[in-house]
2 protein chains.
Amino acid sequence: MTKQKKIILEVVRSSNIHPTADWIYEQAKKELPDISLGTVYRNLKLLRDMGEILELNWGSTFSRYDGITENHYHFVCKKCGKIMDLHLRFNISHEAVEKAASINVESHRLEFYGACTSCDQD
Amino acid sequence: MTKQKKIILEVVRSSNIHPTADWIYEQAKKELPDISLGTVYRNLKLLRDMGEILELNWGSTFSRYDGITENHYHFVCKKCGKIMDLHLRFNISHEAVEKAASINVESHRLEFYGACTSCDQD
DNA sequence: GTAATTGCAAATAATTTGCTGGGTG
DNA sequence: CACCCAGCAAATTATTTGCAATTAC
């Protein structure tokens with residue numbers, strides 16, 4: 001656990017905007033002015049593999065990161081791109097999928113799309 | 001509807017492997033040897049905007065395309081990357097999401113991850 | 001002390017775009 | 001004959017990687 005990795009984890013955990021690698025890099029620079037973007041990418045990948053953060057890479061040309069690792073879903077505003085956490089449960093049965101396709105299901109991801117309240121006014 | 005666009009749509013529709021842009025390009029070249037990759041990308045985007053095909057861009061560094069446009073879910077094998085269509089229904093209520101977060105939900109996407117039968121044997 | 005990790009810069013991968021010319025209505 | 005679209009190649013975007021120097025344990 002280098003100081004770079006620690007700062008990167010702190011930045012992701014303390015933000016609720018599901019930041020991009022670039023945003024994380026800018027924030028980390030405030031603490032460690034010499035940190036490089038390559039280090040940010042390397043550590044984000046390590047932290048993701050360690051299960052400390054989530055990488056969100058759906059429906060976009062770039063990844064966003066989430067410091068909340070417990071299972072939850074997301075809402076994405078199609079207009080402004082904002083991502084919101086949804087702590088809701090649905091009855092999504094892995095068994096039903098396994099029966100239908102004879103596969104071994106480990107996890108699932110669910111994402112909702114639409115317009116957020118501030119964008120909906122336009 | 002140029003002949004290039006028509007061939008690209010045919011290629012996507014006639015395949016069930018959720019092909020990448022590159023694979024589509026290779027197939028299209030068999031019909032139109034001088035077609036360019038830029039044209040493939042341009043037409044895939046046009047066809048997606050027309051609602052003729054789906055672009056699948058989850059959990060990967062590149063997009064895949066699906067000629068089946070009716071709502072359905074997908075299973076992704078974590079080992080071999082194969083994508084399978086799942087024609088199953090779940091009770092996923094947009095109203096529940098809207099109540100929880102006061103947003104306007106238009107659509108959702110659901111994807112399952114695990115190992116397919118052929119990969120599960122390793 | 002040694003192995004892992006950094007900063008830097010160059011490389012890569014996927015996709016997009018500018019330009020010019022050809023084909024179509 | 002006006003214009004949309006193709007082909008080509010260069011540009012862009014996000015991310016990854018090679019390397020020499022530094023740091024962590």
Side-chain angles (χ1 to χ4, degrees), chain A residues 1-12 15 17-66 74 76 78 80-83 111, chain B residues 1-12 15 17-50 52-66 74 76 78 80-83:
Chain A
M1 181 65 71
T2 62
K3 61 176 183 292
Q4 286 85 348
K5 189 184 289 180
K6 190 185 295 202
I7 295 281
I8 288 166
L9 180 54
E10 263 170 38
V11 168
V12 176
S15 120
I17 61 160
H18 304 83
T20 62
D22 220 64
W23 190 90
I24 295 162
Y25 169 59
E26 291 302 328
Q27 301 304 307
K29 261 204 293 201
K30 293 179 183 169
E31 298 289 320
L32 300 170
D34 287 339
I35 199 171
S36 79
L37 190 53
T39 297
V40 171
Y41 273 106
R42 262 187 290 239
N43 279 309
L44 286 171
K45 193 171 276 203
L46 285 170
L47 290 165
R48 183 247 282 150
D49 292 343
M50 293 162 63
E52 296 290 330
I53 62 174
L54 294 180
E55 182 179 2
L56 311 175
N57 50 8
W58 298 2
S60 173
T61 57
F62 49 85
S63 286
R64 292 171 164 274
Y65 297 87
D66 193 337
H74 291 97
V76 182
K78 277 183 181 173
C80 67
K82 189 165 68 182
I83 298 183
E111 200 168 48
Chain B
M1 180 66 69
T2 63
K3 60 176 182 291
Q4 286 86 348
K5 189 184 290 181
K6 190 184 295 201
I7 295 282
I8 289 166
L9 181 54
E10 263 171 38
V11 168
V12 176
S15 122
I17 62 161
H18 304 84
T20 62
D22 221 64
W23 189 91
I24 296 162
Y25 170 58
E26 292 302 326
Q27 301 304 309
K29 262 205 293 201
K30 293 178 183 171
E31 299 288 322
L32 300 169
D34 287 340
I35 198 172
S36 78
L37 190 52
T39 297
V40 171
Y41 273 106
R42 257 187 291 241
N43 279 308
L44 286 172
K45 193 172 277 204
L46 285 170
L47 289 165
R48 181 249 280 152
D49 292 344
M50 292 162 64
E52 296 290 331
I53 62 174
L54 294 181
E55 182 180 2
L56 311 176
N57 50 8
W58 300 357
S60 175
T61 56
F62 49 83
S63 286
R64 292 170 164 273
Y65 297 87
D66 194 337
H74 292 96
V76 182
K78 276 184 180 172
C80 69
K82 190 166 67 184
I83 299 182

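The shown structure was predicted, so the numbers you read here are calculated from the model rather than taken from an experiment. To find a chain, count down the sequence lines: A is the first, B the second, and so on, and within it residues start at 1.
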Picking from D:dA14, D:dA6, C:dT6, the nucleotide nearest the side-chain atoms of B:Thr2 would be D:dA6

- Task: Using a 4.5 Å cut-off on heavy atoms from C-beta on, say whether the side chain of B:Asp22 contacts that of B:Val40.
- Result: no

All heavy atoms of B:Lys6 vs all of B:Met1, minimum pair found to be N-SD, 3.8 Å

Checking D:dA6, D:dT15, C:dG7 against the side chain of A:Ala21 (C-beta onward), the nearest is D:dT15

Per nearest nucleotide of DNA chain C, the residue lying toward the 5' end, B:Arg42 or B:Arg64, is B:Arg64

Checking D:dT15, D:dG7, C:dT15 against the side chain of A:Tyr41 (C-beta onward), the nearest is D:dT15

Out of D:dG7, C:dT15, C:dT6, minimum distance to the side chain of A:Gln4 belongs to C:dT6

Requested in this report: Indicate, with a heavy-atom threshold strictly under 4.0 Å, whether A:Thr20 touches base, sugar-phosphate, or nothing.
Outcome: nothing

Taking C:dT15, D:dA14, D:dA6 as options, the one with an atom nearest any side-chain atom of B:Ser63 is C:dT15

Comparing nearest nucleotides in DNA chain D, the 5'-proximal residue of the pair B:Asn43, B:Thr61 is B:Asn43

Which of D:dT15, D:dC8, C:dT5 is nearest the side chain of B:Ser36? It is D:dC8

Check: A:Ile17 and A:Trp23 side chains under 4.5 Å, non-hydrogen atoms
yes

Quick note, B:Lys45 side chain, CB onward, closest among C:dT16, D:dT15, C:dT15 is C:dT16

Pairwise side-chain contact, B:Ile53 with B:Ile8, heavy-atom cut-off 4.5 Å (strictly under): no

Original post:
Base, sugar-phosphate, or nothing: which does B:Phe62 touch, judged by heavy atoms less than 4.0 Å apart?
Top reply: sugar-phosphate

